[in-house]
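Accompanying notes for the structure given below.
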Protein chains: 2
Amino acid sequence: MITVELIEKYGAIKKTFDKNDLVFEEGNLPLNYYQIISGEIKMSNYNDDGREFIQGIFYSGQSFGEPPLFLNQKYPANAIAVENAEIFILPKENFMKLLEENPKVSIKIIENLAQRLYYKSVMAAEISTQEPEHRVLKLIDHGIAYFNFQKDQNGYLINFTRQQIGDLTGLRVETVIRTIKTLEKKGELKIINRKVYR
Amino acid sequence: MITVELIEKYGAIKKTFDKNDLVFEEGNLPLNYYQIISGEIKMSNYNDDGREFIQGIFYSGQSFGEPPLFLNQKYPANAIAVENAEIFILPKENFMKLLEENPKVSIKIIENLAQRLYYKSVMAAEISTQEPEHRVLKLIDHGIAYFNFQKDQNGYLINFTRQQIGDLTGLRVETVIRTIKTLEKKGELKIINRKVYR
DNA sequence: TGCATTTTATGATTAAAATCATAAAACAAG
DNA sequence: CTTGTTTTATGATTTTAATCATAAAATGCA
């Protein structure tokens with residue numbers, strides 16, 4: 001998103017996070033802009049009985065957690081490292097200064113927020129009105145376009161666990177397992193030693 | 001929100017829409033920036049068996065439909081006038097020119113997108129993991145802060161129909177009616193001749 | 001290499017919201 | 001004022017995904 005040169009010029013520091021480390025926590029006020037150098041970060045909520053909902057998964061080069069930063073509101077979700085990660089951390093004031101002095105970065109931020117809003121619009125409609133098969137397929141097809149799924153001779157490898165698919169679509173893991181099997185029977189996707197291809 | 005002076009300077013035209021008129025349709029490519037002068041617009045989807053999901057409701061002064069405009073993607077939902085409305089329509093090229101030449105407007109757009117992303121994050125988590133009472137209350141409390149609910153001696157008047165609440169939370173109208181009654185019994189809200197107060 | 005944990009899997013049962021049916025009250029339009 | 005439509009309401013029934021229980025396979029790591 002923001003080039004290494006520019007973000008470092010404004011005083012960003014690099015920080016490493018181990019797997020399962022918390023980057024920030026639901027309810028806290030935002031102090032920084034975060035941009036992933038390497039690794040994988042998920043943003044998620046837990047309801048009262050511990051059930052998780054994954055808001056999104058972010059990869060190298062992507063930023064996350066900006067909306068509350070712009071609004072001075074508390075984080076609505078947690079950010080957790082799914083695997084070891086290295087992240088640029090830029091204090092809010094420096095970030096705002098960077099934006100002011102580099103109007104083109106604003107456009108990048110807008111495009112990024114627009115992309116995420118688009119994803120949320122599509123998935124919100126899916127989750128609230130569509131049945132499991134439709135939801136899972138939509139998530140997978142979105143993932144092919146916007147998450148970093150790799151294509152090989154079997155098609156696109158959907159490298160999410162059944163649990164992750166459930167946490168992204170609001171379904172329980174058993175339902176996802178059964179749904180994926182049904183979708184395979186219908187020829188919508190392939191299962192090759194437990195991995196899902198589309 | 002772009003000032004009347006500025007938006008007109010860049011060639012926006014005013015257009016009126018009657019109740020139930022379509023402003024744009026799901027699947028079409030965006031050509032314009034839209035900003036409401038007066039009236040009320042809803043963005044919503046219909047699933048295969050006609051069930052509606054309302055993405056958001058927008059009021060005077062607010063803009064809508066920008067994400068696909070920035071991304072050159074098809075609209076993921078329809079925009080429909082809930083009541084007679086007047087809207088500024090600014091062609092994409094003019095809008096982009098306006099943004100380039102007025103960097104402060106970019107910040108406004110960012111804040112607006114951030115706000116909508118925040119709402120979607122909160123509601124997505126609600127819809128996928130919370131039970132009806134929790135969902136309905138969350139929507140109402142969000143509405144008090146961000147939709148234009150009026151306060152009187154009974155509290156905030158939630159001027160949504162039960163059907164609208166259902167379409168915003170992914171619940172059926174009968175479920176909303178029963179849920180609201182339960183919430184009243186629990187003292188979370190008031191029902192005064194069928195109107196809901198909080 | 002062995003052991004603990006995670007992931008995938010499947011069957012049986014349950015619970016909760018959707019669906020179906022029906023109607024009264026409120027509101028809007030002519 | 002009358003009539004048609006929308007909104008709110010309630011009871012009975014059904015459906016579907018969640019839950020519960022259990023286990024094999026795969027993976028991670030000490």
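Computed from a prediction, not measured in an experiment: that's the story for all the values here.
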Subject >> No-hydrogen, no-angle side-chain donor-acceptor test under 3.5 Å, A/N72 and A/K92 >> reply: yes
What is the distance from [atom1] of [X] to [atom2] of [N], rounded to the nearest Å?
X      : N      : atom1 : atom2 : answer
B/D49  : C/dA18 : CG    : C1'   : 12 Å
A/Q163 : D/dA18 : CD    : P     : 11 Å
A/R51  : C/dA16 : CZ    : P     : 13 Å
B/L183 : D/dT8  : CG    : C1'   : 16 Å
A/H134 : D/dA17 : NE2   : C1'   : 18 Å
B/E131 : C/dA18 : CD    : C1'   : 17 Å
A/E126 : D/dA17 : CD    : P     : 14 Å
A/I158 : C/dT8  : CD1   : P     : 13 Å

According to salt bridge (charged side-chain N to carboxylate O under 4.0 Å, His left out), who are the partners of [X], at least two apart in sequence or on a separate chain?
X      : answer
A/E126 : none
B/R198 : B/D141, B/E188
B/R116 : B/E66
B/E26  : none

Subject >> Non-neighbouring partners of A/I107 that pass side chain to side chain contact (heavy atoms under 4.5 Å, CB included), sequence neighbours left out >> reply: A/E111, B/L99, B/S106
Original post:
With sequence neighbours excluded, what pairs up with A/T16 under the side chain to side chain contact (heavy atoms under 4.5 Å, CB included) test?
Top reply: A/E86
Original post:
Is there any salt bridge (charged side-chain N to carboxylate O under 4.0 Å, His left out) pair reaching into residues 34-48 of chain A, and which pairs are they, with sequence neighbours excluded?
Top reply: A/K42-A/E52
**OP:** Could you list all the salt bridge (charged side-chain N to carboxylate O under 4.0 Å, His left out) pairs where at least one residue sits in residues 2-22 of chain B, not counting sequence neighbours?
**Re:** none
Scan nucleotides 22-28 of chain C against the protein and return all N/O pairs shorter than 3.5 Å with their distances rounded to 0.1 Å.
unit_1: C/dA25; atom_1: O4'; unit_2: B/R194; atom_2: NH2; d: 3.4

Original post:
Should A/R162 be listed as having a side-chain N or O under 4.0 Å from OP1 or OP2 of C/dT8?
Top reply: yes
Subject >> Aromatic ring proximity B/Y197/B/F149, centre distance under 6.0 Å >> reply: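 Not close enough - the centres of the two rings lie 6.0 Å or further apart.
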**OP:** Please list, chain by chain and in numerical order, all residues satisfying side chain to side chain donor-acceptor pair (under 3.5 Å) with B/E174, sequence neighbours excluded.
**Re:**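 B/E174 satisfies side chain to side chain donor-acceptor pair (under 3.5 Å) with no other residue.
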Original post:
To the nearest 10 degrees, what angle separates the axes at the start and end of the helix from C/dT1-D/dA30 to C/dG30-D/dC1, five pairs each?
Top reply: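 Taking the rotation axis at each end, their angle is 60°.
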**OP:** Taking only heavy atoms on the protein side, list every residue of residues 166-180 of chain B lying under 4.0 Å from any atom of DNA chain D, sorted numerically.
**Re:**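 Correct list: B/E174, B/I177, B/R178.
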